[in-house]
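See below for the structure under consideration.
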Amino acid sequence: MKGRLKEFMVVEALSGWYAVQKQALFTAFFERNVYSVNYRDLSAGWQLKQRNAEIALNDDFVSADTWIAASVPGVVQLDLLAAGKIPAPFEGLNETQLQWIGECDWLYRTTFSLTAEDLAHGALQLCFDGLDTYATVWLNDTQILQSDNMFVPYRLDVKALLQEGNNELHILFESALLRGKELEEQNGGKLPLWNGDSSRLYVRKAQYHYGWDWGPIFMTAGPWRAIHLEAYEVRIADVHCPYEVAEDLSSALLPIHVQIENGERSTAAELSVALYNPAGVLVAEQTVPVQSERTDVQLTLEQVELWWPHGYGEQPLYRLETIVRDAQGVLDQHSLVLGLRRLGLIQHALQDEPGSSFYFEINNTPIFCGGANWIPADSFTTSIDRARYRQWLQLAVDGNMTMLRVWGGGIFEDATFYELCDEMGILIWQDFLFGCGIYPAVDWFKQSVRTEAEANVRLLRHHPSIVLWCGNNEDYAIAGPKYDPTVTENFEETAFPARVIYEQILPQVCAQLDPTRPYWPGSPFGHGPNHPQGSKVDDTTVGDTHVWTVWHGGVAYQDYYKLAGRFVSEFGMEAFPVMETIKEFAPESEWYPQSRTLDFHNKDAGGPRRLAPYIVDNVRVAADLPGYIYNTQFIQSEALGSAIRGWRRRWQGPGREYTAGALVWQLNDCWPVTSWAVVDYYLRPKPAYYTIKRELARYAVGLAQHESEPVHAWAVNGEQREVQFELELRTWNLAGELLDEQSQTIVLPPNQASELATLSRPQGENWVMQARLLKDKAIVARATLWPEPFKYLSLPDPEIEIEQIDENSISVTAKRPAKGVWLNAPGNLTWSDNMLDVLPNDPQIIQVKGYDASSVEITWLGK
Ligand code: BMA
């Protein structure tokens, strides 16, 4: 701790230029990787207006009319909304009225002032962390930048252009939609894609801005990330630590590469690196003379506190402090947060099944990656702050999700997102930003992609949470027959030119800048003879797969168990959000299942129609909106629950890791909508969220009966040691009479599923089976098996009762078997469990804060 405080004082001394409150600086210092060079945030005083094409650009920039206050970081739509110029974008059908914004050009301007002292620094650089997307920037009337890639941060030397007193910054953002269409025309025309306008393939802008099958079209423009000015003599430009934890996990080697800018000033300087352990104690340090471009140092740790995903261990974080100093004192310092873990992506031969495994290993422990896909949490990402990211990620952790896949049609999330994942122990599968298209591979495009990849790999590579770089989302799948694996070069001459990006450029960038992390060409990817979904890369015996035969293909969700791959990185089922969310965007006159507004807030082509067969096949159709919402949510809950149950069952221990991942499409939404999300835009979980949570819990038990087979019971022990349980199996009739009961003591091997029992299926349809797993007399997992389809069952009133046990818990009981008991209350009640199957003599205890019986609405199947 002492060491930390000392460094903190240094930062403070250097930052006089920027009057930061101690507390703010302290927070920044400990939560982020900060530079101690003089840093001035340039977020203040910005204005924006729509470009008036009738007058010259210069005149437009100085014109007095119609400027509104602009946020930086920000996008045009949010400022127009704040200024009262446009209606709420997510409400009703407003999206259609707001498309003009994306077809206009926009001007931003601000003024900042500098003193002679400021200008005396050796280097002054203007930094743009992200400009969305076609931006031209002028500083004091000199053009300093033309940018065409929102994912590329820029750092420009501007010392010669700055002046004492006022300085002016002007930015023109040109319509990405119109520029993209021009590029499309100039570069060979429309290319195949799913979702959005085809011109998006030529534009390095978040692809979902063009509209997706869950997202509206909002073509944003603006400085979506910070703008700041840095003044320094010598700057630590980059610190990279591709550490290696020894195979026996006892020690670690930390090679450290430090890049220093303005090295000529630092020839007499020395560089110190100091590693602080998670308790803040200095555990290793070294001081060496600064080399001109790159200085290399190496530290060794004889004992390592390992970083683990949550549920497997702690998330200790080390800090690597780098300081450059000369005789006069500290020139710059840099701080990097590190989590030390040993990572592997294991693809080995399997016993009794063809192909190979595809699982992640952390610290030599194989990890079953249950979790979800992550899309940008808003159409306007600048509105997502640290607190909101934390809420989202906490939901993932509380939902027992080990991995999130940051999907390629979105963005490299803000640093905050990855910092929180490091802190909370969430594994991240990170796609590069390409989705569902045949992308061009003309020279300027390739160059832009390389720059973008290099910049973002540098920014993100120190995060222990990130365990994979992946080339794209579904671009191999859309290529279909255009993808010929026997062709291995000159991809630009083929009908699938972007293979040069996924198979050459990106792996090269990763190998060079981040050699300790695996790279995977695409999601899905994997060659083999088995491709039931008709794509050459969706083989179920190797690599990862997306299972969309259910939903897009209309196959029954009960078949999920047959569709397993080695790692299912996408599968999903749509459901309505809760009524409270619908009320946020739809007027009361639209509160019926197929209203224009509700159809509009389902962006999957034919989405509302695709829900219908799943409802018709499984449950009794409801015409009222609450009943319809419940039906869609029930189906989603059943579908996702059965998928994960069946696939985690295939995680069978060493040499039998038949399925090692199940990532639900999708965790979140970017606006209020009926989609595959299991938590809606307002962070309100759908019932499926709780079902998934149970299926991914440390201990889980399963019951299944497929076709003419008997009933099988199995259980998963997610602990890293053998555990003894009591397994109870009961059969009831639907009137609540116990028909059969048995129990046995079982010992489950660690970190795998084990088959436990085979039972015969009761006759007829008047039964339900229940399995319970008890550990030290406490119930730790439950499963039920019902005759299906549910629509044919005659379910008597279960007589559900809820009793408040204490301030934080309730108990839910039923006299007769109840399916899908959903407790819904307005406000932000968080339930430890919900969407329950409740059987007689089996009270279920739920943790809930702020429970108020009068406001809770209870629904169940057949109510
Ligand atoms: C997946 C995703 C998205 C899409 C989803 C649902 O394949 O990669 O492109 O939103 O399917 O169709």
Side-chain angles (χ1 to χ4, degrees), residues 192-198 200-201 206-217 371-377 379 403-411 429-439 468 470-480 502 520-526 531-535 537-538 543-555 557 560 563 565 567-575 601-611 614 632 636 639-640 643 661-671 673-681 688:
L193 83 166
W194 299 319
N195 294 301
D197 186 87
S198 57
R200 73 172 170 83
L201 300 172
Q207 301 286 280
Y208 82 107
H209 288 167
Y210 289 82
W212 217 264
D213 54 10
W214 36 261
I217 304 170
N373 284 269
W374 169 271
I375 62 167
S379 290
M403 176 179 271
L404 295 178
R405 168 171 171 248
V406 178
W407 166 78
I411 57 173
W429 169 311
Q430 177 70 53
D431 283 0
F432 283 99
L433 304 182
F434 306 88
C436 302
I438 298 293
Y439 284 83
L468 186 76
C470 170
N472 67 77
N473 172 76
E474 293 189 349
D475 293 359
Y476 285 88
I478 193 174
Y502 317 134
W520 189 244
S523 182
F525 193 81
H531 27 86
Q533 304 194 79
S535 140
V537 290
D538 238 350
D544 70 319
T545 46
H546 291 186
V547 175
W548 282 111
T549 38
V550 177
W551 182 264
H552 286 302
V555 166
Y557 66 76
Y560 265 134
L563 303 167
F567 192 109
V568 184
S569 40
E570 281 187 18
F571 67 103
M573 175 60 67
E574 279 197 354
H601 283 245
N602 182 333
K603 294 298 187 185
D604 187 25
R609 262 191 285 140
R610 237 180 290 238
L611 284 167
Y614 287 101
T632 65
Q636 186 191 41
L640 303 185
L663 305 181
V664 169
W665 184 265
Q666 65 214 68
L667 175 67
N668 57 335
D669 275 330
C670 68
W671 76 317
V673 62
T674 292
S675 75
W676 300 270
V678 293
V679 181
D680 75 35
Y681 176 71

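These numbers come from a predicted model, not from an experiment. Because only heavy atoms are used, hydrogens play no part in the values below, and waters and symmetry mates are left out as well, while side chains stay in. Ligands are counted one by one from 1 in listed order, and the atoms in each one are counted from 1 as well.
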Protein heavy atom at shortest distance from [atom]:
{"atom": "atom 3 (C) of ligand 1", "result": "W212 NE1, 3.5 Å"}
{"atom": "atom 10 (O) of ligand 1", "result": "D213 OD1, 2.5 Å"}
{"atom": "atom 7 (O) of ligand 1", "result": "E474 OE2, 2.2 Å"}

* Could you tell me whether E570 and ligand 1 have an N or O pair separated by under 3.5 Å? => yes

* Ring centres under 6.0 angstrom apart (Y502, F525) -> no

* Structure fact -> One finds that the ligand 1 atoms under 4.0 Å from a non-hydrogen atom of W676 are 6 (C), 12 (O)

* Contact atoms of ligand 1, heavy-atom distance to C436 under 4.0 Å -> 9 (O)

* Asked: Do D475 and Y439 have side-chain N/O donor and acceptor atoms under 3.5 Å apart?
  -> no

If you measure from each heavy atom of [X] to ligand 1, is any distance below 4.0 Å?
{"X": "W194", "value": "no"}
{"X": "G435", "value": "no"}
{"X": "H552", "value": "yes"}
{"X": "W548", "value": "yes"}

* **ring-ring contact (aromatic ring centres under 6.0 Å, His included) evaluation trace for F567 with W429** => CA-CA 12 Å; F567 192 109; W429 169 311; 5.5 Å; yes

* Please test W214 against W407 for ring-ring contact (aromatic ring centres under 6.0 Å, His included), starting from the C-alpha separation and ending with a verdict. => CA-CA 13 Å; W214 36 261; W407 166 78; 5.2 Å; yes

* Side chain N373, main chain V664, donor-acceptor under 3.5 Å -> yes

* Asked: How many angstroms lie between NE2 in H601 and CH2 in W671, if you round to the nearest 0.5 Å?
  -> 4.0 Å

* Asked: Side chains of H546 and S523: closer than 4.5 Å at any heavy-atom pair?
  -> yes

